Amino acid sequence: MDDASAPWDGLLLHAHLVTLAGEAGWGVVEDGALGWRGGRLCFAGPRAALPGDPAQLARTVHDAGGRWVTPGLVDCHTHLVFGGDRAGEFEQRLQGASYEQIARAGGGIVSTVRATRQADAAALLAQSLPRARALLADGVTTVEIKSGYGLELESERRMLQVARRIGRELGITVRTTFLGAHALPPEYAGRADAYVEAVCDWLPRLHAEGLVDAVDAFCERIGFTAAQTRRVFEAARALGLPVKLHADQLSDGGGAALVAEFGGLSADHVEYSSEAGVAAMARTGTVAVLLPGAFHVLRETRLPPLQAFRAHGVPMAVATDCNPGTSPLLSLRLAMALACTYFRLTPEEALRGATVHAARALGLDDRGRLAPGLRADFVLWDIRRPAELAYWLGGPLAAQVWAGGRQVH
Ligand code: NIG
Ligand code: FE
């Protein structure tokens, strides 16, 4: 039990807070303070409103030096655990080959599957941990990590175990998503339905091992059909697991409406989603996860239905989609910047997309803003105004990163 009279674990002074309180605006508190105890914020407001003398309130007092402080960033869509790289395909695409052509010729996701199957847990961790560290160094305190490069029980399990291990190593939150239905492994060629049945059979086992927080699929011409996706979602529903979907990335396959029908947390990519799909998402509170890194790398020109999202009140999140094929992107701030430039999000929308809306896309309501009761996840930034977060393309802006009341960077 939290003892409200106990001293706070920590107190941060001389900070300008971006609280993101309310539905719009930065929620700025100039000369603000943050207090925390037991990993949660117990104060977020003007220093002048502190309920006593700082030295008496908290065990340790920290000086933000007048820096801006935001909630810890939430990267709600990554595939950052994988073996190898696909720089060769990058070169092929520059010569004119398309992502779909490469996939159909046996490259793409399946080539990363080969490299991931070959990597043991130690190798997978050694390759993946630096990617997670890069995200953390740029302000990420919660990261979703998908499986989907194993496509056989043992390798999917290894990916999810490595994802959990990354969270422990770095002291940040990792949410795992089972993406067994990412691509058809070669041993199931011509037997997609049988593969989907295998995926549905692995899911309860991985879930029983505590490795699955949500379930995802790739519903696409080069992925799985709507009927197959539905099968996977039914298996998730039987276990009470939330679903999300790689929806309408390369074509309109009705993915947005499908994931909404299952009350899904999010529809991701969504470049080709229809207005009807957007309306369905609005009814179920399904978040649209924008992935401008993949949009950029694939030189996509079709914009997600941004005006429809706004008109229907669908919250928009922004994520890196960090993966070796379509988005080798290791900065959520850079994803925010791309979302502003390509999708015309405002810098404030981009920050909400990488905090409070991203948390919602993971089903987390205990983070994403600076407010008492929420997790003490926050970042101190070397910037003069909040819009700079989505303005600089890279650069070491995060001076300190705190997760659960502990400094992790
Ligand atoms: O989010 N579209 C499917 N999945 C990933 C790409 C994975 C890959 O190419 O390795 C995506 O874009
Ligand atoms: Fe993805």
Side-chain angles (χ1 to χ4, degrees), residues 75-90 92-93 97-117 127-128 131 135 143-151 155-156 159 163 175-185 214-224 228-229 232 243-253 255 259 264-273 287-300 302 304 317-330 332 335 338 358 361-362:
D75 195 348
C76 66
H77 181 141
T78 87
H79 310 246
L80 72 80
V81 171
F82 58 84
D85 68 84
R86 305 234 292 279
E89 285 180 17
F90 174 58
Q92 277 179 270
R93 285 200 309 276
S98 78
Y99 182 64
E100 275 194 70
Q101 283 165 347
I102 292 170
R104 289 184 198 286
I109 294 170
V110 168
S111 77
T112 298
V113 170
R114 283 190 289 272
T116 303
R117 285 179 175 181
Q127 293 182 54
S128 307
R131 294 191 274 268
L135 293 175
V143 60
E144 184 253 20
I145 302 178
K146 300 174 195 295
S147 70
Y149 292 124
L151 310 187
S155 308
E156 288 287 301
M159 287 187 72
R175 300 292 285 182
T176 54
T177 299
F178 175 58
L179 178 55
H182 194 194
L184 192 63
V215 176
D216 192 353
F218 185 26
C219 183
E220 190 55 68
R221 294 185 295 236
I222 55 168
F224 295 89
Q228 289 160 347
T229 301
V232 174
V243 297
K244 37 186 52 249
L245 188 63
H246 281 73
D248 311 323
Q249 179 186 12
L250 308 172
S251 60
D252 181 8
V259 70
L265 292 173
S266 66
D268 302 38
H269 288 287
V270 295
E271 278 89 340
Y272 288 82
S273 294
V287 176
V289 177
L290 307 178
L291 302 169
F295 180 94
H296 171 79
V297 168
L298 297 181
R299 305 174 65 150
E300 181 58 69
R302 165 86 169 224
V318 177
T320 61
D321 195 12
C322 174
N323 77 69
T326 63
S327 192
L329 173 53
L330 294 169
L332 183 50
L338 295 175
L362 296 177

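Note that ligands are numbered from 1 as they come in the structure, with each ligand's atoms numbered from 1 the same way. Please read all numbers here as calculations on a predicted model, not as lab measurements.
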Item to complete: Check the angle between the aromatic planes of H269 and H246 and answer parallel, tilted or perpendicular using the 30° and 60° thresholds.
Response: tilted
Worksheet item: Purely on distance, is any nitrogen or oxygen of T112 under 3.5 Å from one on ligand 1?
Response: no
Worksheet item: Hey, does I145 have a side-chain heavy atom less than 4.5 Å from the side chain of H79?
Response: no
Worksheet item: Within 45° of the ring axis of F295 and under 6.0 Å from its six-membered ring centre, is that where the NZ or CZ of R302 lies?
Response: no
Fill in: From Y149, F82, F218 - option closest to atom 7 (C) of ligand 1 by heavy atom
Y149
Item to complete: Could you give me the CA-CA distance, side-chain angles and deciding distance for Y272 and E300, then say whether side chain to side chain donor-acceptor pair (under 3.5 Å) is met?
Response: CA-CA 11 Å; Y272 288 82; E300 181 58 69; 3.0 Å; yes
Worksheet item: Can you list the atoms of ligand 1 that are under 4.0 Å from a heavy atom of H77?
Response: 1 (O)
Worksheet item: Counting heavy atoms only, which part of H269 comes closer than 4.0 Å to ligand 1: side chain, backbone, both or neither?
Response: side chain
Fill in: Option whose closest heavy atom lies nearest to atom 1 (O) of ligand 1, chosen from V110, L298, D321
D321
Discussion item. Applying the side-chain contact (heavy atoms from CB on, under 4.5 Å) criterion to D268, which one of V259, L245, V289 satisfies it?
Written reply: V289
Fill in: atom 12 (O) of ligand 1 [closest protein heavy-atom partner, distance rounded to 0.1 Å]
T326 OG1, 2.7 Å
Discussion item. I need the NE2(H79)-the Fe ion (ligand 2)-NE2(H77) angle, rounded to 10 degrees.
Written reply: 100°
Item to complete: Looking only at N, O or S atoms, find the one in D321 nearest to the Fe ion (ligand 2) and name it.
Response: OD1
Worksheet item: What atoms in ligand 1 come closer than 4.0 Å to a heavy atom of H246?
Response: 1 (O), 2 (N), 3 (C), 4 (N), 11 (C)
Worksheet item: Between S98 and R93, does any side-chain donor sit less than 3.5 Å from a side-chain acceptor?
Response: no
Item to complete: For H182, counting its heavy atoms only, list the atoms of ligand 1 lying under 4.0 Å from any of them.
Response: 3 (C), 4 (N), 5 (C), 7 (C)
Practice prompt. In plain terms, say whether D216 and K244 are close enough for a salt bridge, that is, a side-chain N and a carboxylate O under 4.0 Å apart.
Written response: no
Worksheet item: When you measure from atom 2 (N) of ligand 1 to every protein heavy atom, which one gives the shortest distance, and what is it?
Response: Q249 OE1, 2.7 Å
Worksheet item: Going by the order shown, which atoms of ligand 1 are within less than 4.0 Å of some heavy atom of N323?
Response: 5 (C), 6 (C), 7 (C), 8 (C), 9 (O), 10 (O), 11 (C), 12 (O)
Fill in: Atoms of ligand 1, numbered as shown, that sit under 4.0 Å from any heavy atom of R86
8 (C), 9 (O), 10 (O)
Response to the item:
A student checking ligand 1 against Y99 at a 4.0 Å heavy-atom cut-off should list atoms 6 (C), 7 (C), 8 (C), 9 (O)
Worksheet item: Between N323 and T326, does a side chain to side chain donor-acceptor pair (under 3.5 Å) hold up when you go through it step by step?
Response: CA-CA 6 Å; N323 77 69; T326 63; 2.8 Å; yes
Item to complete: Check the pair R117, V113 against side-chain contact (heavy atoms from CB on, under 4.5 Å), reporting the backbone distance first and the verdict last.
Response: CA-CA 6 Å; R117 285 179 175 181; V113 170; 3.5 Å; yes
